[in-house]
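Atoms within a ligand are numbered from 1 in the order they appear, just like the ligands themselves. Small disclaimer: the values here were computed from a predicted structure and weren't measured.
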Amino acid sequence: MDYRRQYIRDLFASKAGTQASAYGWVKTRRDSKGVSFVQLSDGSCFQDLQVVIEANVVPEELLKKATTGACVCFEGEIVESPAAGQAVELKAKALTVFGEADPNQYPLQKKGASFEFLREIAHLRARGNTFGAVMRIRSLAAHAVHTFFQSRGFHYIQTPIITASDCEGAGEMFSVTTNLEVNEPLEGEHQGTRMQAYRLKSVSPKEDFFGKPAYLTVSGQLEAETFALGLTNVYTFGPTFRAENSSTSRHLAEFWMIEPEMAFCDLEGDMNLAEEFLKAVIGDILEFGAADLGFFNQRIEPELLKTLEHVVESPFERLTYTEAIKLLESSQVSFEYPVSWGVDLQSEHERWLTEVKIGRPVILTDYPAEIKAFYMRMNQDGKTVRAMDVLAPRIGEIIGGSQREERLEVLEERIKSAGLSLDPYWWYLDLRRFGSAPHSGFGLGFERLLMYVTGMKNIRDVIPYFRVPGSADF
Ligand code: 4AD
Ligand code: MG
């Protein structure tokens, strides 16, 4: 057995009369009048292979083991299929059963299991139609991301996962430590005996692994900036972590982010790249993921294909935050969170703008400094910063980015007024001391993009294993 064999995807393209072996997992088996039909999947494509097993071809005792979930290989001949929806099927001559799946215990017996139920058996989700399709699109999208940047002269940088600095300054970081607490022996009459009393004592960060507090990164941006100011155009694509206590359908504690960073680029250039990037990646998925997208269009989100094609073809709307607030204020909608200049936009506001008012993605710029991170470049008005968020219908914020503050004094002031200490940012500030340059970048939440292109409604269903408050199973 070699990985360079034919997959079910390849068998669909082979001619009638070809001898073939089909490896995979049984989705269903149906027996009628001495003939059995098996739907076989190996995950190589959306469609299952129909295997026809005529009477007495395979010993009955063996065929009995080919139940839903079993891992098998059928050998036989590719024949034209009389059934609708498929050109060919496999006429079986022999069967090997690698792994049985007891029908009384295998959890994925029935079709149409709810997404909630599937989350509880996330280790088996890959065998289902929906999750298999999500994962193929996920892989394709990752490839499209690399292709986009690599073909435009961007260098792929792997920024650290463990860090001492809070990129967003929002205090939403997970600690990384080898010792939370130690047992300290207490003095007393039982000292040195088995009755010795102990007190739990926290280890000071100085004694900890890194000699200082360390965290899981919330973003690779700060480190990416250091490489942009040397390699000009770079991007990261890696896991990021947020200890945000939000159990919404759009938040994960561990998610993947793509972060390009460009020297000699202003906010305008940043927006242009973001728009070109989203369109290119969605365009690639439309082209190469058609079979899986067809399923999402039919079963998950009606009009999905039409929407995605529309996104690729039409320019994104661009508005300032101030203009968006005016639109929201005059909308006559009673939002749960009232709108006024200075508030952070909630998902209901973002959705009204993109879905009701504009009907396609919108890029909002120039947000109030108070609601944005310290690294964004201050505008001349002293109130707003050169921020940009790309908002998408159904999803809300999909990209967050900005032109960066490249002026040392202004940046120091911003860090201090955000209530942060300058110390952990000494190297970041050095970039502004030595050869500072205008530069910009953004972050795309990979799972938000996947929700958008698949139409899946819950972010937990577009990542292999989800981490959210109260749950890190598997
Ligand atoms: O807007 P954010 O917080 O921006 C940054 O982290 C910047 N450092 C990026 C940069 O300029 N290089 O996050 C960027 C994107 C969001 O727009 C969203 O798509 C996604 O990351 N995101 C999340 N996705 C899933 N779960 C969460 N908890 C997320 N938080 C942010
Ligand atoms: Mg943001």
Margin query: Check this for me, if you would: do K457 and E301 make a salt bridge, where the nitrogen-to-carboxylate-oxygen distance has to be below 4.0 angstrom?
Written below: yes

Margin query: Test of understanding: given a 4.0 Å heavy-atom threshold, classify the contact between E259 and ligand 1 as side chain, backbone, both, or neither.
Written below: side chain

Notebook entry, point to check: Taking distance alone, with no angle check, do G445 and ligand 1 share an N/O pair under 3.5 Å?
Noted result: yes

Checklist line | Among Y235, F255, Y452, F241, closest by any non-hydrogen atom to atom 21 (O) of ligand 1 | finding: F255

Notebook entry, point to check: In the protein, what heavy atom is nearest to atom 26 (N) of ligand 1, and what distance, to one decimal place, separates them?
Noted result: L252 N, 3.0 Å

Next item on the list: Below 4.0 angstrom from a heavy atom of E244, which ligand 1 atoms are there? Numbered from 1 as shown, please.
Entry: 28 (N)

Margin query: Both conditions, 6.0 Å and 45 degrees, for the charged tip of R432 above the ring of F434: are they met here?
Written below: no

Notebook entry, point to check: Among G443, C167, S219, which one has a heavy atom closest to atom 15 (C) of ligand 1?
Noted result: G443

Notebook entry, point to check: What are the atoms of ligand 1, with element, lying closer than 4.0 Å to any heavy atom of G400?
Noted result: 1 (O), 9 (C), 10 (C), 11 (O), 17 (O)

Note to self: Tell me whether K416 is salt-bridged to E412, with the criterion being a basic N under 4.0 Å from an acidic carboxylate O.
What the structure shows: no

Margin query: If I apply the N/O under 3.5 Å rule, does V218 come out as touching ligand 1?
Written below: no

Next item on the list: Please assess D389 against I363 for the test side-chain contact (heavy atoms from CB on, under 4.5 Å), listing each intermediate value before the final yes or no.
Entry: CA-CA 6 Å; D389 277 4; I363 311 184; over 6 Å; no

Checklist line | Lys NZ or Arg CZ of K326 over W341 ring: under 6.0 Å, within 45° | finding: no

Next item on the list: Test the R136-F46 pair against the cation-pi criterion, namely NZ or CZ under 6.0 angstrom from the six-membered ring centroid and within 45° of the ring axis.
Entry: no

Checklist line | Any F446 heavy atom less than 4.0 Å from ligand 1 | finding: no

Notebook entry, point to check: Heavy-atom contact under 4.0 Å between I459 and ligand 1?
Noted result: yes

Margin query: Less than 6.0 angstrom separating the ring centers of H146 and Y156, yes or no?
Written below: yes

Notebook entry, point to check: Does the distance from a Lys or Arg side-chain N to an Asp or Glu carboxylate O, for R318 and E323, drop under 4.0 Å?
Noted result: no

Next item on the list: Heavy-atom distances under 4.0 Å are what count here, so tell me which part of E447 touches ligand 1: side chain, backbone, both or neither.
Entry: neither

Checklist line | T240 and ligand 1 - part of the residue with a heavy-atom distance under 4.0 Å | finding: neither

Next item on the list: With R448 as the cation and F446 as the aromatic partner, state whether NZ or CZ is under 6.0 Å from the six-membered ring centre and within 45° of the axis.
Entry: no

Notebook entry, point to check: What do the steps show when you test V453 against L304 for side-chain contact (heavy atoms from CB on, under 4.5 Å), and what is the final call?
Noted result: CA-CA 8 Å; V453 296; L304 179 73; over 6 Å; no

Checklist line | Close N or O approach (R242, ligand 1; < 3.5 Å) | finding: yes

Check: Is any NZ, NE, NH1 or NH2 atom of the basic residue among R414 and E405 found under 4.0 Å from an Asp or Glu carboxylate oxygen of the other?
Finding: no

Check: What protein heavy atom sits nearest atom 19 (O) of ligand 1, and how far away is it?
Finding: I398 O, 2.8 Å

Check: Under 4.0 angstrom from ligand 1, any heavy atom of R250?
Finding: yes

Notebook entry, point to check: In the protein, what heavy atom is nearest to atom 14 (C) of ligand 1, and what distance, to one decimal place, separates them?
Noted result: M257 SD, 3.4 Å

Margin query: Checking a contact table here: which protein heavy atom is nearest atom 1 (O) of ligand 1, and how many Å away?
Written below: E397 OE2, 2.9 Å

Notebook entry, point to check: For L305, does its backbone N or O pair with a side-chain atom of N297 as donor and acceptor, under 3.5 Å?
Noted result: yes

Item checked: Enumerated ligand 1 atoms positioned under 4.0 Å from heavy atoms of Y375 -> 7 (C), 8 (N)

Item checked: Closest protein heavy atom to atom 5 (C) of ligand 1, given as residue, atom name and distance to 0.1 Å -> E168 OE2, 3.3 Å

Check: What's the shortest distance from atom 18 (C) of ligand 1 to any protein heavy atom, and which residue and atom give it?
Finding: R448 NH1, 3.5 Å

Notebook entry, point to check: H251 to ligand 1: N or O pair under 3.5 Å?
Noted result: no

Next item on the list: Show the numbers, then the answer: is there a salt bridge (Lys or Arg N to Asp or Glu O under 4.0 Å) between E397 and R250?
Entry: CA-CA 10 Å; E397 182 190 336; R250 308 182 312 138; over 6 Å; no

Checklist line | R404 touching ligand 1 at heavy-atom level, < 4.0 angstrom | finding: yes

Next item on the list: Please state whether the separation between the Mg ion (ligand 2) and some N/O/S atom of E397 is under 2.8 Å?
Entry: yes

Note to self: Between the side chains of D266 and R377, is the shortest nitrogen-to-carboxylate-oxygen separation below 4.0 Å, so that they form an ion pair?
What the structure shows: no

